[in-house]
There are 2 protein chains.
Amino acid sequence: MKNKNWGGLRKGAGRKVGSGVYGERTKVIRVPESRVYDIRDYLARTQSSNIVEFLSIENNLNTNPRVLFEHKVAAGFPSPADDHAEKKLDLNDYLIGQKETTFFVRIKGDSMIDASIHDGDIVIIDRSRQAKIGDIVLASIDGDFTVKILSNQGGRPRLLPANEKYRPIDIKKDTTFEIWGTVTGAVRKFK
Amino acid sequence: MKNKNWGGLRKGAGRKVGSGVYGERTKVIRVPESRVYDIRDYLARTQSSNIVEFLSIENNLNTNPRVLFEHKVAAGFPSPADDHAEKKLDLNDYLIGQKETTFFVRIKGDSMIDASIHDGDIVIIDRSRQAKIGDIVLASIDGDFTVKILSNQGGRPRLLPANEKYRPIDIKKDTTFEIWGTVTGAVRKFK
DNA sequence: ATTTTGATTAATGTTACAATATTCAAAATG
DNA sequence: CATTTTGAATATTGTAACATTAATCAAAAT
């Protein structure tokens with residue numbers, strides 16, 4: 001092992017404060033042995049809790065079909081005004097399957113960012129759809145709501161964040177757990 | 001202080017295991033600083049819980065044999081939105097400002113992924129809105145359409161991808177360049 | 001353009017430590 | 001006789017310290 005003459009210290013080097021999974025400094029506390037895993041789960045799920053508000057669907061939905069351009073148009077852009085044979089799209093039609101079983105949730109935080117669900121997004125939830133492993137679901141754990149990927153671990157539910165900075169949440173037998181619906185879409189407004 | 005010749009060790013003396021407040025052995029765990037108080041609270045709360053649980057064991061997800069979790073479920077509300085939602089939402093109203101000047105474009109590729117616009121997304125474009133520096137715009141460069149962040153460089157337009165794997169696009173003088181509208185939103189369907 | 005490099009600094013799980021509390025029965029106390 | 005005092009040992013409990021791993025930077029190498 002010979003020393004190369006590069007690498008080593010320079011200003012700004014060294015790990016940064018808050019670069020751990022919690023994004024802040026930590027502290028050690030003493031807890032009863034039997035509660036260790038319980039507390040870790042509680043921490044994991046509250047750290048990645050990501051529901052801001054619930055929104056129910058409007059009773060009388062407006063229809064507003066607009067032109068959708070799906071392909072690159074090589075020879076000039078057809079004016080959005082002269083929609084001769086253009087495909088038209090209505091957002092409610094596109095995003096909502098059954099309006100009777102659909103509602104919305106506004107998301108906060110970045111625990112689902114790798115599933116392209118971002119801070120401030122509104123996700124669309126259909127409670128009539130049967131959740132399958134791998135689906136993004138709205139679930140409640142001891143009354144706390146969260147949107148996560150449904151998985152399982154040894155026959156018990158496990159909720160996966162879509163961000164490696166967050167930890168999976170294992171649902172134990174004596175935990176109150178419920179799946180309220182599957183996430184079928186997401187919308188976002190810019191600025 | 002003189003030693004008396006009584007007191008001291010005898011068999012059975014010494015503090016007993018489990019004689020602390022938790023009645024069992026303890027362990028130290030590391031938790032985020034901001035959660036310390038909260039966790040102590042959670043510990044105390046759940047330890048001294050004397051709430052009679054009106055919960056039943058049910059099979060959730062009962063139509064898919066691959067997913068069968070046994071767990072407690074809350075005595076059910078049909079939808080959490082019924083219970084928690086104050087507002088109602090119509091996606092057309094939420095996402096579309098000027099309906100006459102709005103159209104949609106489906107996005108291909110990942111060049112705008114850091115602006116949370118993903119492959120397959122449909123973006124909402126309003127051509128009545130004056131594009132400003134920093135806006136996400138639909139532009140055409142010599143007839144090729146692209147969605148990028150509008151910037152400038154030495155008085156000439158520059159289009160920035162939101163993905164470091166892609167290069168900024170500088171618009172030269174003899175290039176046909178047009179801005180067709182600003183991106184006001186994006187929607188995505190899952191699966 | 002990407003990978004390798006090494007000194008430094010932080011994160012993280014565990015152990016160690018210091019101070020306090022508990023326990024016992026014999027002896028002292030009243 | 002009932003209660004209090006006594007001291008060595010052992011546990012509890014909060015915190016400090018430690019070891020290992022991870023992250024960070026820009027120069028040099030590839």
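Scope of the values below: all heavy atoms of this structure, side chains included, with no hydrogens, waters or symmetry mates. So you know, we letter chains A, B, ... as the sequences are listed, proteins then strands, and number each from 1.
Salt-bridge check for A:Asp121 with A:Arg188: passed, with a basic side-chain N closer than 4.0 Å to an acidic carboxylate O. Contact check on A:Arg106 versus A:Glu53 returns a salt bridge, with a Lys/Arg side-chain nitrogen under 4.0 Å from an Asp/Glu carboxylate oxygen. In summary, B:Asp126 and B:Arg129 do not engage in a salt bridge, as defined by a charged side-chain N under 4.0 Å from a carboxylate O.
Residues passing the side-chain hydrogen bond (donor to acceptor under 3.5 Å, both in side chains) test with A:Glu24, sequence neighbours excluded: B:Ser34. Listed by chain and residue number, nothing satisfies the side-chain hydrogen bond (donor to acceptor under 3.5 Å, both in side chains) test with A:Asp41 (two or more places apart in sequence, or in another chain).
Using five terminal pairs a side, the axes of the helix from C:dA1-D:dT30 to C:dG30-D:dC1 at its two ends make an angle of 10°, given in steps of 10 degrees.
D:dG7 atom C1' lies 17 Å from atom NZ of B:Lys11, rounded to whole Å. One atom, CG of A:Leu9, and another, C1' of C:dA10, lie 15 Å apart when rounded to the nearest Å.
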Donor-acceptor contacts, no H, no angles, side chain residues 160-169 of chain A, under 3.5 Å, sequence neighbours left out:
unit_1, atom_1, unit_2, atom_2, d
A:Asn163, OD1, A:Lys165, N, 2.9
A:Asn163, ND2, A:Asp110, O, 2.8
A:Tyr166, OH, A:Asp110, OD1, 2.6

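B:Asn152 places no side-chain N or O within 3.5 Å of a backbone atom of B:Gly155 that could act as its donor or acceptor partner. Side-chain atoms of B:Ser19 do not come within 3.5 Å of backbone N or O of B:Arg15 as any donor-acceptor pair.
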message: Treating primed atoms plus P, OP1 and OP2 as sugar-phosphate and everything else as base, which nucleotides of nucleotides 12-20 of chain D get B, S or - for protein heavy atoms under 4.0 Å?
response: SBBBBB---

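Between A:Phe54 and A:Phe145, the distance from one ring center to the other falls under 6.0 angstrom. Residues A:Phe69 and B:Phe104 place their aromatic rings such that the two centres sit no closer than 6.0 Å.
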Between the protein and nucleotides 26-30 of chain C, which nitrogen or oxygen pairs are less than 3.5 angstrom apart?
unit_1, atom_1, unit_2, atom_2, d
C:dA26, O4', B:Arg10, NH1, 3.2

